[in-house]
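All residue numbers refer to positions in the sequence shown, counting from 1. Just so it is clear, the values below take in all heavy atoms, side chains as well, and ignore hydrogens, waters and symmetry mates.
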Amino acid sequence: MAGRRAFPIIRGLISLSRSRSRLSPFNLFFDSRSVTYMPRPGEGDLRPVTLIPGDGIGPLVTNAVEQVMEAMHAPVYFERYEVHGDMKEVPREVMESILKNKVCLKGGLMTPMGGGVSSLNVQLRKELDLYASLVNCFNFPGLPTRHENVDIVVIRENTEGEYSGLEHEVLPGVVESLKVITKFSSERIAKYAFEYAYLNNRKKVTAVHKANIMKLSDGLFLESCREVATEYPSIEYKEVIVDNCCMQLVSKPEQFDVMVTPNLYGNLVANTAAGIAGGTGLMPGGNVGFEHAIFEQGASAGNVGNEKIVEEKKANPVALLLSSAMMLRHLQFPSFADRLENAVKRVILEGNCRTKDLGGNCTTQRLVDAVIAYVE
């Protein structure tokens with residue numbers, strides 16, 4: 001594959017430890033490395049990260065990350081900003097902080113239904129050109145699920161398509177919503193997906209589409225994926241229509257490896273895969289571009305506004321803890337990322353401390369304390 005250059009952003013965003021290498025007692029005992037990562041001079045300097053606690057359970061789970069980072073003495077510090085989903089736009093000082101720091105950790109932001117208030121999540125992705133969303137959905141050892149051997153990475157185009165919110169009222173009672181697909185964006189997300197697969201020793205990339213009906217828009221996306229696939233002969237390439245994809249996910253999810261999708265389909269596929277693998281409270285994710293990255297819970301934070309969970313302080317922080325491990329790897333602190341991931345997986349494997357969505361009755365703080373006991 002001479003002449004092919006890996007994307008710098010992907011080299012920074014190496015995926016979570018492959019769940020296919022199950023955490024056996026042997027692995028748990030020997031989880032240290034004989035040859036460790038050797039940082040360049042200056043790489044251990046403290047790195048500033050913009051922190052947006054968000055709404056609902058957001059402050060609970062972001063506080064969990066702060067506690068664990070402090071316990072690990074991770075070389076990061078947070079610049080905290082209050083942002084809420086009912087704001088008309090992201091405050092300018094917050095955007096300036098992200099532009100300066102280039103990395104942000106974010107809790108869930110509620111988006112009002114209707115009413116003309118646009119999503120701040122979409123605003124952030126578009127303004128920072130965070131064109132690739134990555135969600136890793138995998139089984140956790142010790143946590144029973146309907147399907148085993150699930151280890152799916154959903155890579156979603158993040159800047160165009162139906163999710164862009166390009167809509168207007170043509171006349172009373174008639175609304176037009178525009179789906180715009182471009183060759184440029186389709187090619188770069190396809191290249192990201194294949195490069196990710198190549199660098200992470202993944203074997204297959206599956207393109208999700210509806211080109212049988214939307215022949216021009218999804219057809220362009222599919223054509224772009226096919227062209228990029230020819231540059232990676234060592235990686236198997238498949239295509240699946242989105243409705244069939246959903247059926248295949250719930251019946252035989254282990255057949256999927258890396259999935260590349262347009263914007264809206266990726267949102268649906270990632271949440272489906274997360275539910276199959278163990279729940280949205282477990283799956284980490286990140287949104288990345290050439291210059292900036294935002295890390296947050298990978299699948300839909302549907303419980304972000306659950307007042308009962310907030311009052312009882314029983315939100316599941318695992319997804320954001322693992323997203324923060326992805327962030328540490330993006331910042332080139334892999335040893336800290338490994339420590340955090342191993343600690344979280346040990347706690348889940350032991351099964352003594354699980355939140356309600358995982359079949360337990362643990363508080364957020366108790367789970368955090370259990371993780372800290374392993375990272376210290």
Is there a chain of hydrophobic side chains (I, L, V, M, F, W, Y, each step under 4.5 Å between heavy atoms) that links Leu60 to Leu358?
-> no
Give the minimum heavy-atom separation between Val150 and Ala277, together with the two atoms involved.
-> CG1-CB, 4.0 Å
What is the ring orientation for Tyr192 with Tyr196, classed by angle as parallel under 30°, tilted 30 to 60°, or perpendicular over 60°?
-> parallel
For the residue pair Met69 and Leu328, establish whether any side-chain heavy-atom pair is separated by less than 4.5 Å.
-> yes
Hey, quick one: are Val250 and Met259 part of the same hydrophobic cluster, counting side-chain heavy atoms closer than 4.5 Å, chains of contacts allowed?
-> yes
Minimum heavy-atom distance Ala315-Thr355, with the two atoms named | O-CG2, 3.8 Å
Transitive ILVMFWY side-chain link Leu268 to Ile213, under 4.5 Å = no
With a 4.0 Å cut-off, would you call Arg202 and Glu195 a salt bridge?
-> no
Asp243/Lys210 salt bridge by N-O under 4.0 Å criterion | yes
Between Phe140 and Leu349, is any pair of side-chain heavy atoms under 4.5 Å apart?
-> no
Salt bridge or not for Lys183 and Glu187, using N-O below 4.0 Å?
-> yes
Distance-only polar pair, side chains of Glu79 and Ser97, donor-acceptor under 3.5 Å | yes
Sequence neighbours excluded and cut-off under 3.5 Å, please list the side-chain donor-acceptor pairs for residues 167-177, or say none.
{"unit_1": "His168", "atom_1": "NE2", "unit_2": "Glu176", "atom_2": "OE1", "d": "3.1"}
{"unit_1": "Glu169", "atom_1": "OE2", "unit_2": "Gly173", "atom_2": "N", "d": "3.4"}

May I have the step-by-step check of side chain to side chain donor-acceptor pair (under 3.5 Å) for Glu162 and Asn263, ending in yes or no?
-> CA-CA 7 Å; Glu162 301 95 329; Asn263 206 339; over 6 Å; no
Donor-acceptor under 3.5 Å (Asp357 side chain, Gly279 main chain) | no
Side chain of Asp55, backbone of Met110: donor and acceptor closer than 3.5 Å?
-> yes
Report the C-alpha separation of Met72 and Ile372 in whole Å, then their side-chain angles, then the decisive distance to 0.1 Å, and conclude whether the side-chain contact (heavy atoms from CB on, under 4.5 Å) test is met.
-> CA-CA 8 Å; Met72 288 198 302; Ile372 288 174; over 6 Å; no
Flag for Ser323-Gln297: side-chain donor and acceptor within less than 3.5 Å | no
Which pair of non-hydrogen atoms, one from Leu320 and one from Glu296, has the smallest distance, and what is that distance?
-> CD1-CA, 3.7 Å
Determine, stepwise, if the pair Ile189 / Arg156 fulfils side-chain contact (heavy atoms from CB on, under 4.5 Å).
-> CA-CA 7 Å; Ile189 197 63; Arg156 160 191 172 194; over 6 Å; no
Is there a donor-acceptor contact under 3.5 Å linking the side chains of Glu148 and Asn139?
-> no
In terms of hydrophobic clustering (I, L, V, M, F, W, Y; side-chain heavy atoms under 4.5 Å; direct or indirect links), are Ile241 and Val154 co-clustered?
-> no
Beyond-backbone contact of Val260 with Cys225, side-chain heavy atoms, under 4.5 angstrom = yes
Shortest non-hydrogen contact from Val83 toward Leu109 | O-CD2, 3.3 Å
Exercise: do Gln248 and Gln255 side chains pair donor with acceptor under 3.5 Å | yes
Determine whether the side chains of Lys106 and Asn121 contain a donor N or O and an acceptor N or O closer than 3.5 Å.
-> yes
Are Met87 and Ile52 joined in one hydrophobic group, where the rule is that I, L, V, M, F, W and Y side chains link up if heavy atoms are under 4.5 Å apart?
-> yes
For residues Ile98 and Leu124, determine if any side-chain heavy atom of one lies less than 4.5 Å from a side-chain heavy atom of the other.
-> yes
Do Tyr237 and Tyr232 make the cut of ring centroids closer than 6.0 angstrom?
-> no
Pair Asn101-Thr50, side-chain donor/acceptor within less than 3.5 Å | yes
Any side-chain donor paired with an acceptor under 3.5 Å for Lys356 and Asn316?
-> no
For residues Ala207 and Leu222, report the shortest heavy-atom separation together with the two atoms involved.
-> CB-CD1, 4.1 Å
Is the shortest distance from a Lys or Arg side-chain nitrogen in Lys126 or Glu160 to a carboxylate oxygen in the other one below 4.0 Å?
-> no
Determine whether the side chains of Glu157 and Thr159 contain a donor N or O and an acceptor N or O closer than 3.5 Å.
-> yes
Are the side chain of Asp257 and the backbone of Lys204 linked by a donor-acceptor contact shorter than 3.5 Å?
-> yes
Would Ile152 and Leu249 count as a side-chain contact (heavy atoms from CB on, under 4.5 Å) if you check the C-alpha gap in whole Å, the side-chain angles of each, and the deciding distance to 0.1 Å?
-> CA-CA 10 Å; Ile152 301 171; Leu249 272 172; 3.8 Å; yes
Roughly how far, to the nearest 0.5 Å, is CE of Met283 from SG of Cys137?
-> 5.5 Å
By side chain to side chain contact (heavy atoms under 4.5 Å, CB included), Arg80 pairs with (sequence neighbours left out) Leu51, Pro53, Glu66, Glu82
Separation of Leu105 CG from Phe78 CZ (nearest 0.5 Å) | 5.5 Å
Would the Tyr265 and His209 ring centres measure less than 6.0 Å apart?
-> no
Can we say Lys203 and Glu236 salt-bridge, meaning some charged N sits less than 4.0 Å from an Asp/Glu carboxylate O?
-> no
